[in-house]
Amino acid sequence: MTIDTPGMRALADAEPKVFWLDRSDLPEPSPPPPSGRVDADLCVVGGGYTGLWAAIQAKELDPDRDVVVLEGDRVAHGASGRNGGFLDASVTHGLANGLEHFPGEIERLLAIGRDNYRGILTALDAYRIDAAFEATGELVVATDAYQVPGLAESAALRARYGEDAVLLDRDEVRAEVDSPRLLGGVWQRSHIGLVDPVALALGLRRAADALGVRIFENARATRVSGAGSAVRIDTATGHVEAAGVILATNAFRGLVAPIRRAVATVYDYVLVTEPLSEAQRASIGWKKRQGLADSANQFHYFRLTADDRILWGGYDAVYYYGGRVSQRRDQRPRTMSLLAEQFFDLFPQLEGVRFTHQWGGPIATTSRFCASFGTALEGRLAYSVGYTGLGVAASRFGARVALTLLDDPSADVARLDFVRSRPFPFPPEPLRWLGITLTRRAIARADRREGRRGAWLSLLDRLGLGFDS
Ligand SMILES: Cc1cc2nc3c(=O)[nH]c(=O)nc-3n(C[C@H](O)[C@H](O)[C@H](O)COP(=O)(O)OP(=O)(O)OC[C@H]3O[C@@H](n4cnc5c(N)ncnc54)[C@H](O)[C@@H]3O)c2cc1C
């Protein structure tokens, strides 16, 4: 029996595809990788933001370096093509998480993040990439009374560390975005903006092409191994031999054991509405087009697109046993229905709006909720993975770290605790599934009980493993 609710009606015609990839100017796939042996100075595995930035920065540092990218699918078909497009300067998944895990380095990590953010904007200009960047900041809102006191703390913390952050009361936040559910907010106006994720990725791809990087799509690396003083990267049709390799495979199965230990893959789901009519658009205010997130542990993120649709995602972070990335997981009707109902709870005045797109994507999380870096094969292989939900900007820095670990491992940045230390490893299955499932349930319970974290989350907090949005 289908239940007739505003959410179900709105979802009825939503297509199972990624809004950002639904465009007519996607490039043709690159020619298949040559069979036999390909030689290169640097081989990058993965054609998302990390891989593309690694290739671009490698060429910027040394234009003569011969760089190859192997992408197992198409460029931007991983998380980089299906995210919310929040461009946040933080490299530590937010200030609070950075302070929690790297209190002694937080000033330095903030400076690194801001520098990296400026570097992205400079690169957009330099390579003429129109990523539809909007310097909107982010508005974090309270939708339940228990979340309101935390807003003042959050605003004060952000201001103390140099951000332009203002606290908004109920009337002020509703003057920005009109929802009867909003009880207050913190608007961080500095160092956060919005982009079109696929426009960014395709622009980076063009920049890499122009710099002479050879990009091979549908070229999945199956194995990496030492080959004398080089590294051998096998694909189904041949192999690459390179002096160095960067693994930029994020949530996909890691080709080396340290990545598999560090990263757990969870799925996050997103809906996009049809373009709002003028009356619908006027009914929600939102003139300054901020990116929004609510402040529950299971939080939603939402934003406007260039053509005034609303992108609405998050809440459920689903872990599937074994943690594999698979197209089958791009859809999850139960989560989509829940998201649709929650949307009309937030914006009842939009009843009648229809969703046109629905999709899911893999997020690489670590137990410290920010990236993990490392090397293998006697320093000839480096990786940067695990940005959790905040990798659109951090991936450029991650790529730079991986390059530094290959080229100059004694450089300052390589000596940061953030770079040298490893997150607490996830156990193998079935313990991994059990631990993550217990934690997800405890987080949902905490949200139902006004944020009270309970015994399991308190234990994780004491061990430095607790998630708090
Ligand atoms: C739904 C969703 C919403 C998100 N929202 C935001 C947001 O608003 N802001 C934000 O900052 N972050 C967000 N993120 C996270 C962000 O998208 C990622 O952190 C970022 O895209 C990671 O880039 P990446 O290049 O490391 O990984 P990916 O983009 O996943 O790229 C990895 C690539 O490696 C390829 N690959 C994997 N294995 C192999 C192999 N063996 N051989 C060859 N190729 C291989 C894959 O095909 C893939 O293309 C979101 C993620 C999701 C899923």
Side-chain angles (χ1 to χ4, degrees), residues 18-20 33 43-55 68-91 93-94 117 120 138 192-195 197-198 200-201 204-205 215-224 233-236 240 245-256 259 263 265-271 291-293 301-303 311-318 324-325 327 329-330 335 358-366 370-371 383-396 398-399 402:
V18 181
F19 168 71
W20 305 115
C43 176
V44 178
V45 180
Y49 301 136
T50 305
L52 294 169
W53 279 120
V68 161
V69 174
L70 296 179
E71 165 51 49
D73 187 324
R74 302 286 314 278
V75 162
H77 279 55
S80 299
R82 48 186 68 224
N83 62 71
F86 285 60
L87 186 80
D88 184 324
S90 174
V91 292
H93 205 272
Y117 185 81
I120 292 173
E138 183 186 32
I192 304 183
L194 297 173
V195 292
V198 167
L200 172 60
L204 294 177
R205 183 207 170 116
I215 299 178
F216 297 112
E217 294 175 293
N218 299 309
R220 185 157 299 280
T222 50
R223 184 166 179 268
V224 282
I233 305 99
D234 287 293
T235 66
V240 179
V245 58
I246 289 180
L247 298 185
T249 53
N250 206 40
F252 294 74
R253 186 168 193 279
L255 288 165
V256 294
I259 296 183
V263 165
T265 297
V266 296
Y267 266 77
D268 195 50
Y269 293 91
V270 184
L271 301 175
L292 268 87
Y301 48 88
F302 41 120
R303 60 165 290 184
L311 176 148
W312 170 250
Y315 190 76
D316 252 353
V318 182
R324 286 298 183 102
V325 176
Q327 250 183 17
R329 296 178 172 160
D330 288 356
T335 296
Q358 50 180 333
W359 72 92
I363 290 197
T365 190
T366 68
C370 52
Y383 62 84
S384 172
V385 292
Y387 311 97
T388 311
L390 223 45
V392 176
S395 50
R396 176 178 178 274

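Since the model is a prediction, treat every value here as computed from it, not as a measurement. Each ligand, and each atom within it, is numbered from 1 in the order the structure gives.
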Nearest to [atom] by heavy atom, [options]: which?
atom: atom 40 (C) of ligand 1; options: R220, H93, R82; value: R220
atom: atom 23 (O) of ligand 1; options: G48, S80, S395; value: S80
atom: atom 25 (O) of ligand 1; options: I192, V18, T50; value: T50

Heavy-atom contacts with [X] under 4.0 Å: which atoms of ligand 1 show up? List them by number with element.
X: D268; answer: 1 (C), 2 (C), 3 (C)
X: V45; answer: 40 (C), 42 (N), 43 (C)
X: V392; answer: 9 (N), 10 (C), 11 (O), 12 (N)
X: L390; answer: 10 (C), 11 (O), 12 (N)
X: P362; answer: 53 (C)
X: A221; answer: 40 (C), 41 (N), 42 (N), 43 (C)

Decide whether an N or O pair under 3.5 Å exists between [X] and ligand 1.
X: G84; result: yes
X: A393; result: no
X: V270; result: no

Which bit of [X] gets closer than 4.0 Å to ligand 1, counting heavy atoms only: side chain, backbone, both or neither?
X: Y49; answer: both
X: Y267; answer: neither
X: Y387; answer: side chain
X: V385; answer: neither

If you take all heavy atoms of P33 and E217, which pair is closest and at what distance? CD-O, 3.9 Å
Just jot down the side chain to side chain donor-acceptor pair (under 3.5 Å) partners of Y301, sequence neighbours excluded, or say none. D268
Give a yes/no verdict on whether any heavy atom in A248 is under 4.0 Å from an atom of ligand 1. yes
May I ask whether A219 has any heavy atom positioned less than 4.0 angstrom from an atom of ligand 1? yes
Do the side-chain N and O atoms of Y267 and T335 include a donor-acceptor pair separated by under 3.5 angstrom? no
Test item: L311 and W20 side chains (from C-beta on) under 4.5 Å apart, heavy atoms: yes
Donor-acceptor pair, D88 side chain versus S90 backbone, under 3.5 Å? yes
